[in-house]
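First the structure, in the form of structure tokens, and then the observations on it.
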2 protein chains.
Amino acid sequence: MKLKHTHQLIIDNVSRFIDLTELEKQRYISLLTEVRVKKKDFLMQAGEITKYEYFITKGCLKVYTLDEDGVPHISMFAVEDYWTGDMASFMTKEPSRYFIKATEDTELLGISRANYNLLFQEIPKFERFYRILYQKSLISYIRRSNQGISLTAEERYIEFKSKYPNIINRITQKDLAAYIGITPEFMSKIITKVNRM
Amino acid sequence: MKLKHTHQLIIDNVSRFIDLTELEKQRYISLLTEVRVKKKDFLMQAGEITKYEYFITKGCLKVYTLDEDGVPHISMFAVEDYWTGDMASFMTKEPSRYFIKATEDTELLGISRANYNLLFQEIPKFERFYRILYQKSLISYIRRSNQGISLTAEERYIEFKSKYPNIINRITQKDLAAYIGITPEFMSKIITKVNRM
DNA sequence: GAAAAAAAATGAACTAGTTTAAGACTTTTA
DNA sequence: TAAAAGTCTTAAACTAGTTCATTTTTTTTC
């Protein structure tokens, strides 16, 4: 049976790690909720208790916190085929410290906490899917937190540019600075310098 | 049936997330290998392909990389009741970029790649265990990589001190500097300053 | 328990990245 | 399509953290 485009995308993503029967696919899809967020609108804000984890089918979002001085620190940009949300709040039911804001009109599929738990009961294979998904995310976070400490800002910029060429031209320089962990002014200097080389 | 002390520790750890029958416990234990590492010896070195993931029953290790200039960057200190290894190399079979060195005489339980995979086949509940374990690790890594960027070295030191009071007096100031991401000289200055306050 | 090796402290000169401020360029909105 | 708002650039003065060199203290080793 032919699936809707957005559903096909999420099934393809899941199928990278586990095999689902047609029935399981249908059941899985029935547990998802479609969400749309317009550019500049929030998918969620700090203080809220996260009710959903999301898969992005179209668009781009930035996930960030504000420090005591109100300075934003972006922890990730999420585009098509990425998973996003605040797992800490989703798991613990504590208020989130994150904002998630669309930088383009964005479409997502969300799974609620109740359905996430139901999923594991009904289709235990999903424990495996999430085990592998989290394992892979962990590997890339460990790598990133290591680089955050051992590389200079210029090196982190060059790294980001070569690793995410598809993301870099969809975001502002200011947001990139908030991700790299420097001021927009210094980001501007670095880009001028690197382009001159 | 009464278990050996070290086996009891790992079973207690696993039992925080899943319930095992006596038979499953016995089977799990049979898949583990006991390992001892003397202070200053390596559990593994960069260039090797990781064959095991480890659970620590006694002692302390540091997990680190060397950058191009040969400067060490410690990504974690692992003590009793922690899991350690290089998951990236364990998963991908690519050579590791990490060294793991004992800072005290250390005892561990290792699981080989073959047994790790066997475990999921024989006792699928372990998918759930690792799903939750990785999910929790991910939450704390995300938090750490965020702090690495938004806090000053002094704030990171104060944070570490209050979060890991049990670890801080088991490691050298030099190793702490390599973890915080600063030079030993600057670490020394910070400690003098913070103690004066 | 003395000698050697490693870790910690201190200080002066340096560099990567910040702050503040002002002007030029781009995008959004009415 | 003009005005407003936001983004980017440039530059000068500043600060957090580094580098290098030396001395003191602690730990390891035989």
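So that the names make sense, note that chain A is the first sequence line, chain B the second, and so on, each numbered from 1. The basis for the numbers below is simple: all heavy atoms, side chains too, and nothing from hydrogens, waters or symmetry mates.
By the side chain to side chain donor-acceptor pair (under 3.5 Å) test, B:E94 pairs with no residue at all, sequence neighbours left out. Applying the side chain to side chain donor-acceptor pair (under 3.5 Å) rule to B:E80 yields the partners B:R170; only residues at least two apart in sequence or on another chain are considered.
Set against D:dT10, D:dT28, D:dG17, the side chain of A:E185 has D:dT10 as its closest nucleotide. In this structure, the nucleotide among D:dT10, D:dG17, D:dT7 sitting nearest to the side chain of A:K174 is D:dT7.
We find that CD1 of A:I182 is positioned 13 Å from C1' of D:dC8, with the value rounded to whole Å. Rounded to an integer number of Å, the gap from CD1 of A:I191 to P of D:dT9 is 7 Å. Atom-to-atom, CD1 of B:I180 to P of D:dT18 comes out at 11 Å; the value is rounded to the nearest Å. Note: CD1 (A:I171) to P (D:dT7) measures 13 Å, nearest angstrom. When the P atom of D:dC20 is taken as reference, atom CG of B:D69 falls 11 Å away, rounded to whole Å. In this structure, CG of A:L176 is placed 12 Å from P of D:dT9, rounded to the nearest angstrom. Straight-line distance from the CG atom of B:D105 to the P atom of D:dT28: 11 Å, rounded to whole Å. Going from atom CZ of B:F186 over to atom C1' of D:dT19 covers 13 Å, rounded to whole Å.
Annotation: of the two residues near DNA chain D, A:S188 and B:A153, the 5′-most nearest-nucleotide partner is A:S188. Taking the nucleotide of DNA chain C with the nearest heavy atom to each of B:K189 and B:K40, the more 5' of the two is matched to B:K40. Closest-nucleotide positions on DNA chain D for B:L151 and B:K39 were compared, and the one nearer the 5' end corresponds to B:L151.
A salt bridge links B:E22 with B:K25; the closest basic N to acidic carboxylate O contact falls under 4.0 Å. Ion pairing between a basic and an acidic side chain is recognised when a charged N comes within 4.0 Å of a carboxylate O; A:D175 and A:K101 show no such pairing.
Here A:T192 reaches the OP1 or OP2 of D:dT10: one of its side-chain N or O atoms lies under 4.0 Å away. Dashed line: the shortest gap from a side-chain N or O of A:T172 to OP1 or OP2 of D:dT7 is not under 4.0 Å.
Under the side chain to side chain contact (heavy atoms under 4.5 Å, CB included) test applied with A:Y82, the options A:L108, A:N13, A:I167 reduce to a single match, A:I167.
For DNA chain C, the contact window with chain A, defined by any atom under 4.0 Å from a protein heavy atom, covers C:dG17 to C:dT28 in 5' to 3' order.
Using bins of under 30°, 30° to 60° and over 60° for the plane-to-plane angle, the ring pair A:Y28/A:F126 lands in the tilted bin. The aromatic rings of B:F99 and B:F42 sit tilted, their planes meeting at an angle between 30° and 60°.
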